[in-house]
Structure formats: C-alpha cells, structure tokens
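First comes the structure, then the notes that go with it.
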Amino acid sequence: MSSLFILLFVLFFFSILSNFHLAKSQRSSVIGDTIDTNKYVSIASTIVSSNGNFEMGFFTAGNNSNYYIGIWYKKLSKQTVIWVANRETPISIYEMDFAQFKISDGNLVLLNGTRQIIWSTNITFASNLNKSQVVATLLDDGNLVVRDGDSNVSANHLWRSFDHPSHTFMPGSKFGYNKRTGMKQVLTSWKNANDPSPGPFTHEVDMEKYAGQGVIKWNHSVIYWNSGPWTGNNFTGVPYQPNPMFNYTYVNNDDEVYFRYDFFNPSLISNFIMDVNGQTKQLLWMDSIQDWNVFYTDPKQVCDVFGYCGAFGTCNDQVNASSTCGCLVGFKPKFEKDWKLNSFSSGCTRRTSLNCGDAGEKDKFWMHKNMRLPANGESVRAENEVKCESLCLENCDCVGYAYDIGKYGCLIWKGEMLNLEQLSQDNVNGSTIYVRLAASEFSTNQDANQNQTSNKLKVAIPIGVIAALLFLSCFAFIYYRKRRSSKVKESATKSIRQNAEGEGMELIDIQDDDKGNIDVPFFSFESILVATDDFSEQNKLGQGGFGPVYKGIFPGGREIAVKRLSSLSGQGINEFKNEVMLIARLQHRNLVRLLGYCIQSNEKILLYEYMANKSLDTFIFDRRRGVILDWRKRFEIIEGIAKGLLYLHHDSRLRIIHRDLKTSNILLDEELNPKISDFGLARVVEGKITQANTNKVVGTYGYMAPEYAIDGLFSIKSDVFSFGIVILEIISGRRNTGFFHQEEESNLLGHAWRLWTEDRAMDLVDQSLHESCNKEEAIKCLNIGLLCVQEDPKDRPNTSSIIMMLGSENIVSLPRPNQPAFMTRKCGGGNTSSSSNVKSDGVSNNQLTVTIEMGR
Ligand SMILES: *[C@@H]1O[C@H](CO)[C@@H](O)[C@H](O)[C@H]1NC(C)=O
Ligand SMILES: *[C@@H]1O[C@H](CO)[C@@H](O)[C@H](O)[C@H]1NC(C)=O
Ligand SMILES: *[C@@H]1O[C@H](CO)[C@@H](O)[C@H](O)[C@H]1NC(C)=O
Ligand SMILES: *[C@@H]1O[C@H](CO)[C@@H](O)[C@H](O)[C@H]1NC(C)=O
Ligand SMILES: *[C@@H]1O[C@H](CO)[C@@H](O)[C@H](O)[C@H]1NC(C)=O
Ligand SMILES: *[C@@H]1O[C@H](CO)[C@@H](O)[C@H](O)[C@H]1NC(C)=O
Ligand SMILES: *[C@@H]1O[C@H](CO)[C@@H](O)[C@H](O)[C@H]1NC(C)=O
Ligand SMILES: *[C@@H]1O[C@H](CO)[C@@H](O)[C@H](O)[C@H]1NC(C)=O
Ligand SMILES: *[C@@H]1O[C@H](CO)[C@@H](O)[C@H](O)[C@H]1NC(C)=O
Ligand SMILES: *[C@@H]1O[C@H](CO)[C@@H](O)[C@H](O)[C@H]1NC(C)=O
C-alpha cells in the first residue's frame, strides 16, 4: 500500500518536471473524431471534427495554469474556446499527466490526477442499451455528442454539448428550454478572459416572468435586459436588421421553446457569446484582421449591465471618460488582475476600514454628484438631510446615503453598493450620493471641491439663493417671451440685425479685398427651437467645452449642427457679431464651415455644417469603427488636420490659436475628410484676447501643453502640442489619459516615448492597422508626434514644418525628439502647486473640458 503511494509520489514529481515539455509538445496526436472505449483524450491527444474545423482537448487560457477540457476552432489564429466541460473543477498543471477524458460505464467522464471522476455527462440509461457500445464524437458544427456506436441518427443522441452550452451559442444549436424536462440552455460568462469558471452574468430564455423571451441576468436573479416578445419576425427589444448573412428561427410549442440561427453561407464563422463584461455579443471572424469583429451587442451600453463595475465601482459611458470603470474615492480594485483583463465585476474594496463604534475619529461622507444611485437602497424616515446623514452614521452597516425630498426622501445602503454610474451633469436622473469613508481618507484625498459633513449647512444657503434667483429669472423670461410674442417676430429679428450691422462698420472695411462680402445669415431663435425640437435630448450630438451641440433640421430637410454657447462671456452683441463675421471668413476644406448665428437675450448660437460621420474619436477609440480608418486614411487625416491648422495659424489673415484641439473636435465628412471644429470659439466666448496670457485656461486635459495648463501661456506652439497628442492617438488608437498620471504605462506619451527609445515604433500602431500600415510613414508620424509634444515650446516645430515633414520621403533626416513634457512632472513631485490646480477628483478626472481659474 505504502509502496504504491511512493510510486504515485515519484510519478507526480516526475510529472512536474516533464510537464512543461508536454504542454509545449502541443497535443501532438489527433486520435480521430471519436472517443470510444479504447481511445481517450489526454494532455497528449485531442480529437478533431471530420471537417477539421473543431478540436477538443485540454487547454489553458492565458496565464492561468489550470487545465480545462474544451472545444475550440482549430483553424483560427486566435484561440477561441466555444465550450468547456469542467468549468468549476479545473485540473492543476501537476495532475495533467494523469488526467483523462474518456468513456466510462457509458458516460463521458473526466478523471483527475488520482483518477477520480470530477466531471460526468450523468446520462441515465434505458435498460436495453449496451453501454460498452457508447462513443463520443465531435461533429462538424462543433457539437460533441455521446451516442450509441451503432446509431448515427441525431434523435438517438444520448447527450449533446449543444444542450449544455458554456458561454457560446453556436449557429444551428437550440437556445431555450424543454417544457417537459425543464432542461434549459444557459450561457454563463467566464470570470475573466483567462478563467473559464462561471462569472456572474447569464443569458437564458426565461420560463416565468418573461415566459419564452430571452433575458440577461446578473447572478441568476437580477434581470437587466430582455428581448421583448417575438412578433413573428423579430423581438421587439432587439433592433433586428434584416441581413443577408443569417436567419432566425423561433419555436414555441407544447414541448419546447427555443431560438436558433443559421448562416446561409456555412463558411462564415460566427457565434454569440455571453462576454465577461455582461454583454451578449455576436461575433464574426474576419480573415482580413485575423480577429473577431463584434457586430452586435446587448445591452448596447456597458453601463446598462447590472453591476458592471462591481461593488463600489462606478461606470462611466460618457465619450470623454478615460475608462469605463473606476472605484469610488477611498476604494481600490479588489482583484487588480481581473481589472487588467477588463473584467470589473469583482469590484472594489476599501483602502481603509471603517471605524464605526470604536473610539477615534468618526467616519465621514464623501460626496459624489450626478450619480445613478446603486441598487437596493433602503428607504428610511428622516425629516431632513442632516437627520438622514446621522441615521446612516449611527448604523455601523450603513455605507452611504442619498437625500432628495422630492424624489425618494432618505435612502441608505448597507453592505455593498452596486450599479453606480457617473452621469453627465445635465442628466436629469443624476443624484448626489454620500459614501461613508474612514476619516483618515479625507486627509489623504484632499480635494477642494469635496463637501464634507460640516459644510452642509453653509452650502444649503447659497443653493437656496441660487434657486430663488433661478425662479425669478424664469419668471422674468416668461414675462419677456409673452411680451415678445405680441410683437411681430420679423420686426424683432430685423431690429437685432440692424443694430448689429449698424455698429459693424469696422468689419465691413476689412472685407473689401474678399471675393464677395461674407455675410453669415442670422437665424431666429424661434426657428432654431423648431429645428432642434426645443434643444431636445434626442437631438443632442455632444457636449463641447463651450456648450452643447444639437442636430437641427431646418426647412427643406437641411441638417445643421447647432452650437449653443454657454453664457459664460460678458461679451456684447456687437463684439460677438464681429467675432462671428471674422470667423466666417475663415474658409478652408479642413475647417468646419460656419453657416449662421443667432443672438437673443442671453442666447448665443452658432450654426455649422452637419457632419454625418461625427468626430474622429468615435472611430479611432472604437474597435469596430476603427477598422474603417485604415492606415492610408489615417495618414490623410493627419495631413488634413495639419493643413487646417496651418491655415488657422499662418495662412488666414487672422491668426487663430485653437486652444482646444483634440480628436473629438475633428469631424469627418462623408468621405472621411477631417474638418477642424470649434476653431475661433475661444475668441467668441472670451471676447478680444490681446495678450498671449490669460487667467482663464480653456482646454482639455490630456491635450494641453504644460506651459498653457500651468502658466496659462498659449501660443501656436501650444496648439502644436495638442496636435502631437492627436497624432499619437490616431496611430495608437489609444487615448492619452492625462498627464498627471502616476504610471507611465497608462500615459500615452510615456508609452510612446518608451517605444521610441527602444526602437519599437511599430508596437505603438493600433493592432487593426497592422495589415494596412506603411512602416515608414508610421515611424515618421511617431517621430513628428513626439517632436510636437516636447517640453520646451521652442523645440516644437511650427505648422508649416510639420507639413513639410509629413510630405518628406527621407525619414532619416527628421530631427530626433527630446523627451516629451510631463515625463518628469508627476504628482507629488516638486510641482505640487501646479499639479493641484488641475487635479480633480480621483474617480473620473481626465479629458475634462473646463475653464479653470488659475490662482495667479
Ligand atoms: C502573462 O504574464 C506575463 C508576466 O507575468 C505578462 O507579461 C503577460 O502579459 C501575461 N499574459 C497574459 C495573456 O495575461
Ligand atoms: C481528484 O478528485 C477527488 C474528488 O474530487 C479529490 O478528492 C482529489 O483530491 C483529486 N485529486 C487531486 C490530485 O487533486
Ligand atoms: C453530474 O452530476 C453531479 C452530481 O449530481 C453534478 O455535480 C454535476 O454537475 C453533473 N454534471 C453535469 C455535466 O451536469
Ligand atoms: C455489448 O457490446 C459489446 C461490444 O460490441 C459485446 O461484446 C457485448 O457482448 C455486448 N453485450 C450485450 C449484453 O449485448
Ligand atoms: C455514421 O456516419 C459516418 C459518416 O458521417 C459513417 O462513416 C459511419 O459509417 C456511420 N455509422 C453508422 C453506424 O451508420
Ligand atoms: C449571488 O447571490 C448569492 C446569494 O444571494 C451570493 O451569495 C453571491 O455572492 C452572489 N454572487 C455574486 C457574484 O455576487
Ligand atoms: C419587427 O418586424 C415588424 C414586422 O413584423 C416590423 O414592422 C418592425 O419594424 C420590426 N422591428 C424591428 C425593431 O426591426
Ligand atoms: C434559415 O436558413 C437555413 C439555412 O439556410 C434554412 O435551412 C432554414 O430553412 C431557414 N429558416 C427559415 C425560417 O427561413
Ligand atoms: C432617466 O430615467 C428614465 C427612466 O429610467 C429614462 O427613461 C430616461 O431615458 C432617463 N434619462 C436620461 C437622460 O438618461
Ligand atoms: C465629460 O464632459 C462633461 C460635459 O462636458 C463633463 O461634465 C464631465 O465631467 C466630463 N467627464 C470627464 C470624465 O471628463
């Protein structure tokens, strides 16, 4: 007995040594498409479907050292596992030499290192079946079936992997449930990209609440998406686009309910998966990019996935967000490893534990504004906010509260906070939530805009005053409108026109050598209200630094982008009009054209040509849309932006410094030609700027040159800096996440610089571009990009030399860049005073378009 033990031990030890070799020897032998009583699958053998498309055997995912039995596409260059047997019972690398996947007593079973069954098909047999004839075959569609070796008829299959899917729903398989046996197909997400064990998200056809409809659930209970009922053609909740690739079939009869899809062209490779992030995705393999293309997701927005960012995580879907998931202030990712693999559902954990009940300083509350409140708030009775806060503070289980007398009164949360989302400032559904933290967090997270417990009453008064003012001004506005409408609209319009033109003499003077007088049409506020449906949310195209942009449909179906300037400036009507006329004179194919303007009381509105393809950032940071811009196109876009910038800086008779150049300000027309937008707006909003030094910094984190962000100095060279960032983003497909970032790796500048110094320029280039990329041009662009972001403005090239360099054939002759700015200026360094000016709260700080009052 003990000698057997020693033998086993020796074998085990030996296996550890030999394992790496075996794992590398790549499942050398294929033993056909069938497992029978004489053949089994081990670390050294696999089975392959007869058409060679699918393979089954042991696999590991990424760096995970556990082994699983799975089925994957054999011919694809990227490991894609469609089915896993032992998701919950992995086999460690040390057992692998002994593990077997075989037929045993009529069942397909998985044996671990000590030859014990850790997974089984659990078939119950009819008495007339001869168990020693049972075999398992991997079919051509990826279905593993257990059957009587004498019968090929699918009705006689004893067991099918398609009936027990993991996270993939394959073409031709059924997805639903059997009304008689209750057996159902559930797609369960992986824990993370390297770990097939079951994650929290499931997709199934619901038996009860949504009888027969597809639903996606969190933790088997919270339903956060459903397909809506079947109309005979489509599901009401699924935007079904008739397509030439596949058809859907939905069956609901006395025996079963299921959903199935079939490709007309069987050579297309596609599937549905329940992704680790809680979205169902339909994927299509693209040979051109050697990768999966996601062409459909449910729910559309990741923040609609329940608990996407896990406990105490916040989701941010806004376009300018640097990352979708973050932890609340005072929290950090629970498992850094998961987060790095883009699986956030494990959530965040406190940095410092709470101090409830003990002696010492009491816990405090950190305020988060504009949040979607977490799930499962408990409603408690409290007559005011102070009481609500103290109710939470006294309860050691309470982790936070929110108070809104009109909406929900006092809500408190116990345990974990799930499903938080950072909403935009103007979202009506946003609430303020107070999250409990240990008092010590408040000294480490000093942040001026944090409103702590003791400040609450002080804040309440100004808010009251503001509310009263708002009320009064609304009243005044209504009164004003009433009066107005009694007049004839046209005459009012005319008077503004005349007034503006009468004092615009100077403007007319300088127009004389133009081909014709450029007259920007005046649009009445009423016509804009009609065109934008009263500036409705649906028509909102985006939010720029100077105000929101709406789509307006004018008479004749003409589409125009309407920019409603925030009423920041104290500029008068005439000054504003002059500025508009000046800007209207700037005409270039790489600038968005100004089509009109409107002034009425406090409203200042500019009308631009509408760009159907939206902005550059919606392409380059999106894997799907990114593919549309191949290298050729991207290079042309870089050149186009440079030409537009050259025109602004040198060629027009006005010298315009853009001050907010970034990918979201580059719009693309139908032919994907770039057009710079928002140029000249800094002038319009701020009036005449005579000095190159301003006490208001307008711009966007991540694109601002250091001398501008810190000292308020702007120049052509600060635009060049922003352009450098834009170039780097275009070639890398990555956002520059701001400059005061601790980790060099997550800062695009640092990353680009490192690759440059290591001579690995091509590693920066977006994966999707590798096929189309011209290496010389890519290196040239990186070189120019880095020249533009040098610390000293004097070192940066001007726009005309950028254009020359872009056109130059000889990349060896380009100057070598110096280390970029901000590499040496990190948080907590010598420049604390400057960094604290631009630092904002830790959750979602980057790419904020703001006007910062500099303390000088
Ligand atoms: C595996 O680990 C190495 C080092 O720990 C890391 O560099 C690599 O990115 C990891 N690969 C994956 C796929 O996680
Ligand atoms: C094999 O599985 C059995 C049953 O689950 C377990 O008791 C045993 O420890 C496993 N063997 C190894 C080497 O893990
Ligand atoms: C087989 O039955 C065992 C015990 O009931 C269960 O734990 C296991 O999950 C079943 N296996 C499958 C594949 O359903
Ligand atoms: C079952 O099948 C095996 C092999 O085909 C055969 O040897 C055996 O006699 C059969 N047993 C019965 C009870 O039919
Ligand atoms: C089952 O089908 C395969 C081909 O699909 C064929 O080669 C084999 O002979 C069939 N076996 C029986 C028992 O019909
Ligand atoms: C799912 O719910 C169960 C019971 O409510 C809980 O114990 C478990 O932690 C939850 N799982 C996740 C991933 O939150
Ligand atoms: C679903 O099909 C109906 C016709 O049966 C059609 O009118 C409707 O527009 C379709 N809905 C969607 C979302 O495609
Ligand atoms: C869907 O397409 C498959 C494959 O072409 C075909 O066999 C099936 O009949 C089609 N079903 C419907 C409902 O059109
Ligand atoms: C606010 O919430 C309601 C109800 O959940 C939703 O219909 C609406 O679209 C939300 N509004 C915004 C701006 O998200
Ligand atoms: C995104 O832009 C909006 C509106 O400009 C702003 O309120 C919000 O704070 C920005 N978010 C981030 C993360 O920069």
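In each ligand, atom 1 is the first atom listed, and ligand 1 is the first ligand listed. All of these numbers come straight from a predicted model, not from anything done at the bench.
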Q: Return the minimal non-hydrogen interatomic distance between Ala193 and Val276, and the atom names on each side.
A: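 Looks like N-CG1, 4.1 Å.
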
Q: Work out which heavy atom in Ile31 is nearest to a heavy atom in Lys39; give both atom names and the distance.
A: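 Closest approach of Ile31 to Lys39, heavy atoms only: O-NZ, 3.1 Å.
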
Q) Hey, which of Asn539, Asp534, Thr532 is the one that makes side chain to side chain donor-acceptor pair (under 3.5 Å) with Ser536? A) Asn539

Under-4.0 Å heavy-atom contact between protein and [atom]:
atom                    : answer
atom 14 (O) of ligand 9 : yes
atom 8 (C) of ligand 9  : yes
atom 11 (N) of ligand 9 : yes

Q) What part of Ile118, side chain, backbone, both or neither, has a heavy atom within less than 4.0 angstrom of ligand 2? A) side chain

Q. So Cys325 and Cys309, disulfide (SG to SG under 2.5 Å) or not? Walk me through it.
A. CA-CA 5 Å; Cys325 281; Cys309 300; 2.0 Å; yes

**Q.** Aromatic ring pairing Trp119/Phe101, orientation class (parallel under 30°, perpendicular over 60°, tilted between)
**A.** tilted

Q: Output the list of atoms in ligand 2 that are nearer than 4.0 Å to some heavy atom of Asn112, sorted by atom number.
A: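 Contacts of ligand 2 toward Asn112, numbered from 1: 1 (C), 2 (O), 3 (C), 8 (C), 10 (C), 11 (N), 12 (C), 14 (O).
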
Q. Counting from 1, what ligand 2 atoms have a heavy atom of Glu95 closer than 4.0 Å?
A.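 Matching atoms, with element in brackets: 11 (N), 12 (C), 13 (C), 14 (O).
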
Q: Would you check if the distance from the ring center of Tyr224 to the ring center of Trp218 is below 6.0 Å?
A: no

(Q) How far is atom 5 (O) of ligand 9 from the closest protein heavy atom, and which atom is that? (A)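 Looking at atom 5 (O) of ligand 9, the protein heavy atom closest to it is Asn429 ND2, 4.6 Å.
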
